[in-house]
Q: 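Before I ask anything, here is the structure I am working with.
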Amino acid sequence: MSRLHRVLEQVSGEVVDVRPGESLLRAMERQGKRCIPVGCRSGGCGICKVRIVSGRFDHGLMSCSHVDVGQRRQGLALACRLFPLGDSEVQACGEPGRATPEQQ
């Protein structure tokens, strides 16, 4: 079995265990945690923006209107399009606990 990647969200102090190939946001939702705001889940709304503090990640497609090339170089990404490659740390940029109506 593949090893889980542990991702610490610094603002809340919560740790999310992410399966290989799973997005950070999907893993957080699977575990019932709310340390990163949730929006569209497809890279288009920008609500789940985080700053990568440490660690390595693969990135999926993200709207340039929410994370442009310069912001990406500064470590910003959308959690719904962020796939950890090992243990790491991120910092949520939005309001923790924010959820879409279907989650409430």
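Both backbone and side-chain heavy atoms feed into the values below; hydrogens, waters and symmetry mates do not.
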Q: If hydrophobic clusters are built by linking Ile, Leu, Val, Met, Phe, Trp and Tyr wherever their side-chain heavy atoms come under 4.5 Å apart, do Val67 and Leu82 end up in the same one?
A: no
Q: Looking at side-chain heavy atoms only, is the closest gap between Arg81 and Ser42 below 4.5 Å?
A: yes
Q: Any chance you could measure Ser12, atom OG, to Met28, atom CE, to the nearest 0.5 Å?
A: 9.5 Å
Q: Nearest 0.5 Å, what's the CZ-CZ distance between Arg41 and Arg26?
A: 9.0 Å
Q: Determine whether His5 and Glu22 satisfy the following criterion, side chain to side chain contact (heavy atoms under 4.5 Å, CB included), listing intermediate values before the conclusion.
A: CA-CA 10 Å; His5 306 306; Glu22 182 177 41; over 6 Å; no
Q: Are Leu78 and Val18 connected into the same hydrophobic cluster when the rule is that any two of I, L, V, M, F, W, Y join if their side-chain heavy atoms are below 4.5 Å apart?
A: no
Q: Membership question, hydrophobic clusters at under 4.5 Å side-chain separation (ILVMFWY): are Met62 and Phe83 in the same one?
A: no
Q: With rounding to the nearest 0.5 angstrom, report the OG to CG distance, Ser54 to Asp87.
A: 9.0 Å
Q: How far does OG of Ser23 sit from CD of Glu29, to the nearest 0.5 angstrom?
A: 8.0 Å
Q: Are Glu9 and Lys33 within salt-bridge range, i.e. N to O under 4.0 Å?
A: no
Q: Hydrophobic clusters here meaning ILVMFWY residues chained together by side-chain heavy-atom distances under 4.5 Å, can you tell me if Val16 and Val38 are in one?
A: yes
Q: Look at the side-chain heavy atoms of Ile, Leu, Val, Met, Phe, Trp and Tyr, link any pair under 4.5 Å apart, and say whether Ile52 and Val7 land in one connected group.
A: yes
